[in-house]
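First comes the structure, then the notes that go with it.
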Amino acid sequence: MNRTPSVRDSANRSSARPSNLPENPGRSNATRDTVLVAVFAALIAAMGLVPPITLGVIPVPITLQTLGVMLAGALLGPWRGMLANLTLVALVAAGLPLLAGGRGGLGVFAGPTGGYLLGWVLGSLLIGLLFKYWVLRCHSKGAQLAAGLVSTIIGGILVIYACGIPWTTMVSGIPMGTSALGSLGFLPGDLFKAVLTTVVAVTVHRSYSGLMK
C-alpha cells in the first residue's frame, strides 16, 4: 500500500544526509590566515626575548628578531608575511615591550632603530613576493635554494639596511659612512639567518605546497 511521504519522513531524510560537508572555504581560509599572521607575529616577539648584542659603533643592537622577519615572508608569502610584521610593529607602537631588550612605545620609532622596523615590513613583503613568483617556480631543489638565498638576502638584508642606515644617520647625527660601516657588524649573523631561512622555507614548501599564498 502506497503512502504519501510525511513531513517527518522528509526531516529524517534530511538528517540522514552527510554532516561532513565542507564549510564555507572563504571563512576557513580567512581564519587560517589570521592564525598564521598571529603566530608569526608572536614568534618574532618571542625572538626578542634573546638579549640583544650592542656593537658600540652605532646605537642599533644585533637581535634574533630579523630571523623571524625573514621566515614570515619566506613561509607565509608577501601579504601575510608583511601583516605579521606590521602587527608586531603596531603592538610596539601601542607601547608593548616586544622588541629585544624590552623596548616599546612610539619613542622607538623616533630613535635610531626606527628605520629598521620599517625595513622589517618592506623586507618581508619583498621576500614573500620573490618566493611566490620566482623561488617556488624553480623546478629543482638546488635552484630553489639558490634563488631563495638571493631573495632572502635582498629582502632581509639589503632592504632592511637601506631603510635603517639613513634613518640612523638622520636621527643620531653620525655620518652615513660610519652608520654603514657599523651595520657591517650585523652582516655575518644576518647571512647565517638568510641561509637558515632559505633551507627551512624551501624544505617546508616542498613538503607542503599549500602554505604559500
Side-chain angles (χ1 to χ4, degrees), residues 32-33 35-53 55 60-89 98-100 113 115-165 180 182-213:
R32 188 185 72 160
D33 292 346
V35 170
L36 288 173
V37 167
V39 166
F40 272 81
L43 175 65
I44 300 170
M47 289 180 174
L49 297 175
V50 178
I53 300 174
L55 297 176
V60 179
I62 298 174
T63 76
L64 187 62
Q65 288 180 296
T66 46
L67 174 60
V69 172
M70 297 177 188
L71 285 170
L75 288 172
L76 300 186
W79 307 114
R80 293 181 303 182
M82 181 189 68
L83 282 175
N85 283 277
L86 196 58
T87 298
L88 178 76
V89 169
L98 300 179
L99 298 179
T113 59
Y116 288 92
L117 297 179
L118 173 62
W120 287 8
V121 177
L122 298 179
S124 61
L125 172 64
L126 182 56
I127 291 172
L129 287 171
L130 290 172
F131 261 80
K132 182 176 182 178
Y133 294 108
W134 179 33
V135 178
L136 298 184
R137 295 187 178 185
C138 297
H139 297 293
S140 68
K141 184 175 182 179
Q144 288 182 343
L145 288 171
L149 182 58
V150 171
S151 301
T152 308
I153 289 175
I154 292 174
I157 297 178
L158 297 182
V159 169
I160 294 177
Y161 287 21
C163 294
I165 291 173
S183 297
L184 291 179
F186 305 151
L187 197 54
D190 286 342
L191 286 173
F192 174 76
K193 295 171 193 173
V195 171
L196 181 59
T197 295
T198 302
V199 172
V200 170
V202 169
T203 301
V204 169
H205 286 306
R206 289 180 70 87
S207 302
Y208 179 54
S209 60
L211 183 60
M212 176 63 71
K213 186 176 180 181

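Side-chain atoms are counted along with the backbone in the values below, which use heavy atoms only and exclude waters and symmetry mates. The structure presented is a predicted model; accordingly, all values stated were derived computationally and were not measured.
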**Item:** Side chains of F186 and I160 in contact at under 4.5 Å (non-hydrogen atoms)
**Value:** no
**Euclidean distance, I44 CD1 relative to L99 CG, rounded to 0.5 Å** = 10.5 Å
**Asked** Which heavy atom of M70 sits nearest a heavy atom of T197, and at what distance?
**Response** CB-OG1, 3.4 Å
**Request:** With rounding to the nearest 0.5 Å, note down the distance linking CG in L117 to OG1 in T113.
**Result:** 5.0 Å
**Message:** Could you check whether any side-chain N or O of Q144 sits under 3.5 Å from a backbone N or O of W134, counting only pairs where one atom can act as donor and the other as acceptor?
**Reply:** no
**Message:** As an exercise, state the distance from CD1 of I157 to OG of S183, rounded to the nearest 0.5 Å.
**Reply:** 11.5 Å
Using atom types as modelled, flag every donor-acceptor pair under 3.5 Å from a side chain in residues 124-133 to any protein atom, sequence neighbours excluded.
| residue | atom | partner | partner atom | Å |
| --- | --- | --- | --- | --- |
| S124 | OG | N85 | ND2 | 3.2 |
| S124 | OG | W120 | O | 3.1 |
| S124 | OG | V121 | O | 2.9 |

**Message:** Quick check: do I62 and P52 have side-chain heavy atoms less than 4.5 Å from each other?
**Reply:** no
**Request:** With rounding to the nearest 0.5 Å, note down the distance linking CG in L76 to CZ in F40.
**Result:** 4.5 Å
**Message:** Any donor-acceptor pair under 3.5 Å linking the side-chain atoms of Y208 with those of T203?
**Reply:** no
**Message:** Going by side chain to side chain donor-acceptor pair (under 3.5 Å), name the residues that satisfy it together with S151, two or more places apart in sequence or in a different chain.
**Reply:** none
**Item:** Heavy-atom side-chain contact between V50 and T63 under 4.5 Å
**Value:** no
**Message:** If I take atom OG1 from residue T198 and atom CD1 from residue I153, how far apart are they, to the nearest 0.5 angstrom?
**Reply:** 7.5 Å
**Message:** Show every salt bridge (charged side-chain N to carboxylate O under 4.0 Å, His left out) that has at least one partner inside residues 192-206, sequence neighbours left out.
**Reply:** D190-K193
**Item:** Distance (rounded to the nearest 0.5 Å) between L67 CG and L43 CG
**Value:** 7.5 Å
